[in-house]
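Keep in mind that the numbers below use all heavy atoms, side chains included, and drop hydrogens, waters and symmetry copies. Lettering of chains follows the sequences in order, A, B, ..., and the numbering in each one begins at 1.
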Protein chains: 4
Amino acid sequence: MTAYILSLSCPDQPGIVATVTAELFRQQANIIQAAQFEDAETRRFFMRVVFTVVDEAAASAVRLAVEPLASQLSMTWTVRPRDRRQKVLLLASRFDHCLADLLYRQRIGELNMDVAAIISNHPRDTFGDLGGAPFHHLPVTRETKHEQEVRIRALVEETGTELVVLARYMQVLSDDLASFLTGRCINIHHSFLPGFKGAKPYHQAHARGVKMIGATAHYVTSDLDEGPIIAQDVEPVSHADTPEALVRKGRDIERRVLARAVRAHLEDRVLINGTKTVVFPD
Amino acid sequence: MTAYILSLSCPDQPGIVATVTAELFRQQANIIQAAQFEDAETRRFFMRVVFTVVDEAAASAVRLAVEPLASQLSMTWTVRPRDRRQKVLLLASRFDHCLADLLYRQRIGELNMDVAAIISNHPRDTFGDLGGAPFHHLPVTRETKHEQEVRIRALVEETGTELVVLARYMQVLSDDLASFLTGRCINIHHSFLPGFKGAKPYHQAHARGVKMIGATAHYVTSDLDEGPIIAQDVEPVSHADTPEALVRKGRDIERRVLARAVRAHLEDRVLINGTKTVVFPD
Amino acid sequence: MTAYILSLSCPDQPGIVATVTAELFRQQANIIQAAQFEDAETRRFFMRVVFTVVDEAAASAVRLAVEPLASQLSMTWTVRPRDRRQKVLLLASRFDHCLADLLYRQRIGELNMDVAAIISNHPRDTFGDLGGAPFHHLPVTRETKHEQEVRIRALVEETGTELVVLARYMQVLSDDLASFLTGRCINIHHSFLPGFKGAKPYHQAHARGVKMIGATAHYVTSDLDEGPIIAQDVEPVSHADTPEALVRKGRDIERRVLARAVRAHLEDRVLINGTKTVVFPD
Amino acid sequence: MTAYILSLSCPDQPGIVATVTAELFRQQANIIQAAQFEDAETRRFFMRVVFTVVDEAAASAVRLAVEPLASQLSMTWTVRPRDRRQKVLLLASRFDHCLADLLYRQRIGELNMDVAAIISNHPRDTFGDLGGAPFHHLPVTRETKHEQEVRIRALVEETGTELVVLARYMQVLSDDLASFLTGRCINIHHSFLPGFKGAKPYHQAHARGVKMIGATAHYVTSDLDEGPIIAQDVEPVSHADTPEALVRKGRDIERRVLARAVRAHLEDRVLINGTKTVVFPD
C-alpha cells in the first residue's frame, strides 16, 4: 500500500466531507488521517486527507474521480505521494544557523525534501559542510540586484524547485520575484511584543526592555514581512540579557520556527486562506 | 438552528467517515466542525462532529438515523445539545485555588456547567463566595470513610450529577467509589520530572533540585493517580525557589490544567481510549 | 528577627557592593538574599538586599547608616519591612477576570497587600464577591472624565494608596493622572506578534492569523501602553480559534501576567531603569 | 582589561559578600556581574563574580588575596579567565542530534570550548562533518566494557579534558568511571510525567498517553540518571503523536537542554550543592 495526501480548499457548502470521503471509499482508498476546517468568516472549507491505495494506478483513479467533484465544488486541490521528496532551494546570507539546522534535519530524514541548490550572497567558505548540495555564490549590490534575481529565478526553474526557503537571507526580494514565488517561498524573521521596524531589531528590543523575544515564519508576499503566518514561537528574556544574548537566543527560536514551518509545508499541512493560513497538526 | 455534538468511537474499518457524514447530510444536518482519529495501535476510531439542525425534532431524527449505524459499527456514541449545561459536583479539601477558579470560570460562562453541589471534608467557612451552590460539609476519618462515601454517592445520584471534579480533594477514593464514577470523575495532581511518591511532594521535588514542576489532570480509576491523562502542564523553577514557592507556583499550574481538562470534558472533546485519551482541540 | 528589603539604584562605580554589604555587616544585619545588576549601557547600578535585624531600632540604625552612603553615591533607595502590606487601589471596568484573580491571591496570602479601594466605571453588581473592600462606582463620560479623575486622585490620597493597578480598566488615563501616578501604577494589555493598534485587538489578531497571543504588564506613563515593561507572557493559538476563543485565552494570560507584575512590585523586585525595568527573580 | 570568573561555595555565615567584594575592591578588580545564593536548608553559600583586572599579574594577585579568605571560610573556589576555552570530550552513539548541535554551537562561538576528542561506539561514517575534531571509534561489548573504559579514561587524561559530555551516549558508565568523572561529566536523558524505567521510553510514554515529553541534563554519578539536575525542558504532545513523532520531538528537546547545561557549566554558572545544583542565570 502507498500513502497519498489529498489537500483541498473550496467555498463551504453542506456535504463536502460526505462527498469527498464517499468518493475515496468508492475508489477503495483507505483513509488513515483526515482533518478539515470551516472558516466561519470567509465561508471557505479546507481539508487534508491521508489515504492508502494499492498502487499508482489506483491513485490515478482517485485523481480522475476527484476531478469532476473538484470542478463542481470549485476546489483548489492536489494529490501527492506522501513519500515523494519535494525539491527545495535554500537561500542564506552570512548567518547559517537556520541553513545548518535545515540541512541537518534533511540528513536524518526529518524533512522530506531534496536540496535542489543553496544560494548565498556570501562566499562558499562562509559555511560548513553543506551535505553535497550544489552551492551558488550570487553576490548582490544595489546595481546588480535585478540581475542576481534573474539568476535565482533561473535556478528555481532549471532545478524544478517546488519550495524556496529564505533561511536568514537578509536581502529583500523584489515585488516581481516575490510574486513569482507566491505560496512557495517561506521566510523567517524575529518578532517582538511590541514590534519594531528598521535595523538591528534585537538591539531595539533590548533598548525597549522586552521580556519575551520571538520569531515568525511566513509565506513571502510583496508586502514585506506581512505574508500569511505559518508558525511562531517565543522565549522569555530578562533585563540581564545583553543585545548579544538576545541575538543568541533568537537564533534558537528562529531555527526551530523555520523548521516547523518548512516541515508543515512539505507535508501539505499548510493551506493558504487569504492573508492567513490553516495549519493542520501533524 | 441549534448545535449538537455527536461523539463516537468504534473499531476502525474503511468508510466510517463517509458513512457517518453521508447520514448527517441525508438528515439535513449541517456539519460546522469535525475531527476524527484512528489509533493505529488499538485499531480504534474516534470522531466528534458539531452539527446544526433546525429543531429538536430534527435532532431526534438524527439520533434515530445514527442508531442502526452505531449498532452495525459497534459504536459507543452520544448526541447532545451543545448548549446544554452538564451537572457537575465539586469536591475540595482545605485549599480552594482549583475550586475558586472553576467557580469563577463557571460564573463568566467559560465552563458550560451547573454546579450541582460542593462537598468538602472541611467546614463551609474554609471557603469564600461559592456563588450560591449547595454546600455539604462531609468530614471524614478512617472509621467514617465508608459512610461518607455513601453520602457522596447519594448526592451524585440525587442531583443527577454527570461529572465529579476532585478540585484538590485530598482524600483517596475507595475502589468502589472510583469504579462507580468511571469515566466521569476528574482529578488533578502535581507531576514532576522525575516523579515522587508519598507525602509533601513539593518538598521532595525541592530536595531533588528539579528545574520544572507540573500538574496532571486525569480520569479517576481505582489505580490511584494512574487513570487516563487528559491534560498536563509545567513551569520552570530554579534553585532559588523554596518549597513554599514551589507550592505557590504549583497552584497556578494545577488550576489551569484542571480547568482545561474540565472544559474539554464538558465539550465532549475527551474520548477514552483504553488507558489513554483522545482530546480533540477546541 | 525581622526581615527588611533594601532596594537601591545609583550611577555605577567600583566598590558599591563592597561598601553596601560592609555597612550592613557593621550594623549586624544578616543578608539572606541579595541581587544586583550593572547596566553596561546606562552605566547604572541596581541592588536589592533582604536582611534581618533584631528589631525596628536596629532597622532604623541601618537606615541612618545607609543615608550618608546614599548621598555620597547619589542613590535612590528604600528600606522596608518585608512583611508590611502595601495599600493598593484596584480599578476595573466591565470584565473582572484580573480583578477577581488579584482579590483571590490577596485572600490566600500570595500578594502582600491591603486593598485600599476598588473603583469601577461600572456598577457594583457587575462584580461578584469583593472580599469586603470599599467599592466606588465612578462612571465616566467624555464630559465628566476630568471630574472623575479628580475623585480617583482624591481616593488615592485619602487612603494612602501606594500602588494603583489597572485591572482591565478600559479608560485611558489623562496625562495629568498618569504623571501623578508615575512609577506606582501598573497596567495590563494584550500583546501580539505583530502588534495592532485600535479597537477589538483580538479580532484584528484573528484576522491577521497570528499563531501566538500574549499580554504585557507595564508601568503607566503618559505615553499610552509604552511604559516600562514588567512582565510578559504568551500562548499558542491556531487557525481554529475564533475571536471569542482568543479573548478567552487572553483572559488567562492577562490575569497571570498582571499578578506576576503586581507581586514583583510588592516585593520591591522591580526597579525602574529609564524606559526599562530591572526585575529581580523571586 | 581581562575578565575573570570567581566561583565559590562555603558554609554560610554573616559577612561573606562583604569580605569577598571588599577584597576584590582592594585588588582593584572591577566587578561587572555578581550573583550569590544562600541555601536556607543546607546552610551553604554560593557565589559567582565576574570581574576585570588590568592583566594576568593582577589576576594572580587576586588569587593570592582570595587564598587566605578561602582557607578561613572553608571555601571551594576557582578563578578562571572568562575567555579561556575548556577542553571537552564528547561521547555519542548512533544518534548524533546532540553531537551535531554541540559542534555547531562550538563552531559559531556559542560554546566556549575546544573539542578534545569525539568518542563513539559506532564507526566514523555514522556521523557527518565533525569539524576536524579527533575521532575515536571504541566499540564496546559486555566483555570489552572494562577495557573500553580504560581507553576513554586514558583519552581524558592525555587530552587534558576538563568536561566530558555524554551526547546521547547509550552506554551506562561503570561506577568507577562515573566516580572518576564526578562533577565533570554531563548526561542528557528523556523525562516524562510520570517517569518510566526500562527500554524504549518514548514508546512507553506513548502507551501511557502522556501529554508532555521532556528531557533532563544532569551530572553523572554512580546512581544512574539520578545525579544533580542542571537543566530540564518539555514540550506538549497529543494523542495524535506516534511513538516516532515523540522520538522526533524528543530530539529537539534533548539537544537544547543539553546545550543549555553545557553552556552553563562552561561559564562556571553551575555549582554543585550536594545532590542538587545552583545554576546562576546568564
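Neither the backbone nor the side chain of N273(C) comes within contact range of chain A; no heavy atom of the residue lies under 4.5 Å from a heavy atom of that chain. If you measure heavy-atom distances from T275(C) to chain A, the contacts under 4.5 Å come from both the backbone and the side chain. Residue D233(A) touches chain C through both its backbone and its side chain, counting heavy-atom pairs closer than 4.5 Å. Contacts between E38(C) and chain A at a heavy-atom distance below 4.5 Å are absent for every atom of the residue. Residue P243(A) touches chain C through its side chain alone, counting heavy-atom pairs closer than 4.5 Å. Within the 4.5 angstrom heavy-atom criterion, only backbone atoms of A207(A) (N, CA, C, O) approach chain C.
For the set T42(C), I230(C), T216(C), the count of heavy-atom pairs under 4.5 angstrom toward chain A peaks at I230(C). For the options M212(A), E41(A), Q232(A), heavy-atom pairs under 4.5 Å to chain C are most numerous at Q232(A).
Under the 3.5 Å distance criterion, the side-chain polar atoms of R208(C) are left unmatched by any main-chain donor or acceptor of P228(A). The backbone N or O of T277(A) lies less than 3.5 Å from no partner atom in the side chain of H239(C), so there is not a single donor-acceptor pair.
In terms of heavy-atom proximity, V210(A) sits nearest to I229(C) at CA-CD1, 4.0 Å.
We find the CZ-OG distance between F192(A) and S191(C) to be 14.0 Å, quoted to the nearest 0.5 Å.
Inter-residue side-chain proximity for V279(C) and K211(A) is flagged as met; some heavy-atom pair is nearer than 4.5 Å.
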